[in-house]
Amino acid sequence: QVQLVESGGGLVQAGGSLRLSCAASGGASNIYTVGWFRQPPGKEREFVSRIIWIGGVTYYADSAKDRFTISMDNAKNTVYLQMNSLKPEDTAVYYCAARRAGSTTFTWWGQGTQVTVSS
C-alpha cells in the first residue's frame, strides 16, 4: 500500500513562497507519476502539476505555470512543489497523488496540507 504524506503548507502573504513536500512510502517503487492537486474553499478539486518519476518530465496547469515548480528527490522518495509569487486565489488544501504506470487515474492520495495566502 502506497502512503503519501504532504507537508509544508502554511500561511503566507501574497507574493511570498512556500515549498510543499510529498513523501512516498510503502511500495513507492510502483509509482510512475506524482501529481499535485488543490481544492480551494467552496470549489472543486483541480489539477496543479505532475511529474514522471523516471525522467522528470513535468506538466503544469495554466494557474501554476511560470510560478510553481515541481521536482523530485529520488533518494528520499519525495516530490516537491515550489510555489512562488503566491496569490490569494492559490489558497486551498493541496493534495499529493500518485498513479501506476499504464494508468491515467491517480489512485493514491495524501491527506492534504493547507495553504493560505493573505492579501
Side-chain angles (χ1 to χ4, degrees):
Q1 180 84 11
V2 172
Q3 302 287 334
L4 302 175
V5 179
E6 304 98 330
S7 62
L11 175 64
V12 65
Q13 294 184 109
S17 299
L18 284 174
R19 188 196 193 199
L20 306 183
S21 298
C22 173
S25 62
S29 62
N30 294 320
I31 295 173
Y32 182 74
T33 303
V34 175
W36 285 97
F37 296 78
R38 68 186 184 186
Q39 186 167 18
K43 298 181 179 180
E44 294 185 355
R45 184 185 66 198
E46 65 182 32
F47 167 78
V48 176
S49 182
R50 65 175 181 261
I51 186 169
I52 297 176
W53 195 258
I54 304 299
V57 176
T58 61
Y59 185 82
Y60 298 91
D62 288 342
S63 61
K65 193 174 183 179
D66 300 324
R67 298 188 299 121
F68 294 3
T69 302
I70 189 169
S71 62
M72 61 186 179
D73 185 334
N74 290 334
K76 297 181 179 180
N77 288 327
T78 300
V79 172
Y80 305 96
L81 184 68
Q82 178 68 45
M83 305 187 294
N84 299 324
S85 301
L86 284 163
K87 306 174 182 179
E89 50 263 45
D90 294 319
T91 294
V93 177
Y94 283 71
Y95 296 93
C96 176
R99 66 189 183 201
R100 302 175 183 272
S103 177
T104 58
T105 302
F106 287 90
T107 56
W108 310 107
W109 292 82
Q111 82 289 347
T113 184
Q114 176 70 48
V115 171
T116 302
V117 184
S118 61
S119 60

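All residue numbers refer to positions in the sequence shown, counting from 1. What you see is a predicted model, and the numbers here were worked out from it, not measured in a lab.
Note on residues 51-80: no pairs pass disulfide bond (SG atoms under 2.5 Å apart), not counting sequence neighbours. Judged as a disulfide bond (SG atoms under 2.5 Å apart), not a single pair has a partner in residues 45-80 (not counting sequence neighbours). Residues in residues 64-74 take part in these salt bridge (Lys or Arg N to Asp or Glu O under 4.0 Å) pairs, two or more places apart or across chains: R67-D90. The stretch residues 28-72 participates, sequence neighbours left out, in no disulfide bond (SG atoms under 2.5 Å apart) pair at all.
Listed by chain and number, the residues in a side-chain hydrogen bond (donor to acceptor under 3.5 Å, both in side chains) with R19 amount to none (sequence neighbours excluded). Y59 meets the side chain to side chain contact (heavy atoms under 4.5 Å, CB included) test with F47, R50; sequence neighbours excluded. For the side-chain hydrogen bond (donor to acceptor under 3.5 Å, both in side chains) test, residues two or more places apart in sequence or in another chain that qualify with E46 are R38. Taking R45 as the reference, nothing meets the salt bridge (charged side-chain N to carboxylate O under 4.0 Å, His left out) condition, with sequence neighbours excluded. Considering only residues two or more places apart in sequence or on other chains, T116 meets the side-chain hydrogen bond (donor to acceptor under 3.5 Å, both in side chains) condition with Q114.
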Solution key, residues 75-85 side-chain donor-acceptor pairs under 3.5 Å, sequence neighbours excluded:
{"unit_1": "T78", "atom_1": "OG1", "unit_2": "K76", "atom_2": "O", "d": "2.8"}
{"unit_1": "Q82", "atom_1": "NE2", "unit_2": "N84", "atom_2": "OD1", "d": "3.0"}
{"unit_1": "N84", "atom_1": "OD1", "unit_2": "S17", "atom_2": "OG", "d": "2.8"}

Return a table of donor-acceptor pairs under 3.5 angstrom between the side chains of residues 3-10 and protein atoms on other chains or two or more places apart.
{"unit_1": "E6", "atom_1": "OE1", "unit_2": "Q111", "atom_2": "N", "d": "2.9"}
{"unit_1": "E6", "atom_1": "OE1", "unit_2": "Q111", "atom_2": "NE2", "d": "3.4"}
{"unit_1": "E6", "atom_1": "OE1", "unit_2": "G112", "atom_2": "N", "d": "2.9"}
{"unit_1": "E6", "atom_1": "OE2", "unit_2": "C96", "atom_2": "N", "d": "2.6"}
{"unit_1": "E6", "atom_1": "OE2", "unit_2": "G112", "atom_2": "N", "d": "3.2"}

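The heavy-atom pair separating P88 from S119 by the smallest distance is CG-CB, 3.9 Å. When all heavy atoms of I70 and S49 are compared, the pair lying nearest together is CG2-OG, 3.2 Å. When all heavy atoms are compared, the tightest approach of L86 to V12 is CD1-CG1, 3.5 Å. Listed here is the closest heavy atom pair of A24 and I31: CB-CD1, 3.8 Å.
Summarising the hydrophobic clusters (Ile, Leu, Val, Met, Phe, Trp, Tyr; side-chain heavy atoms under 4.5 Å, direct or chained), the residues clustered with Y32 are I52, V57.
Residues V48 and Y95 do not share a hydrophobic cluster, defined by chaining ILVMFWY side chains whose heavy atoms lie under 4.5 Å apart.
Considering only heavy atoms from C-beta on, R99 stays 4.5 Å or farther from W108 through its side chain.
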| Stepwise side-chain contact (heavy atoms from CB on, under 4.5 Å) test for V93 and T113 | CA-CA 5 Å; V93 177; T113 184; over 6 Å; no
| request: Under the side-chain contact (heavy atoms from CB on, under 4.5 Å) rule, what do F106 and V34 come out as? Steps first, then yes or no, please. | output: CA-CA 8 Å; F106 287 90; V34 175; 5.9 Å; no
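Here the straight-line distance linking atom CH2 of W36 with atom OH of Y94 works out to 10.0 Å at 0.5 Å rounding. Distance CZ/F68 to OG1/T58: 14.0 Å, rounded to 0.5 Å.
Between the side chain of S103 and the main chain of T105, a donor-acceptor pair closer than 3.5 Å is present.
Between F37 and W109, the distance from one ring center to the other falls under 6.0 angstrom.
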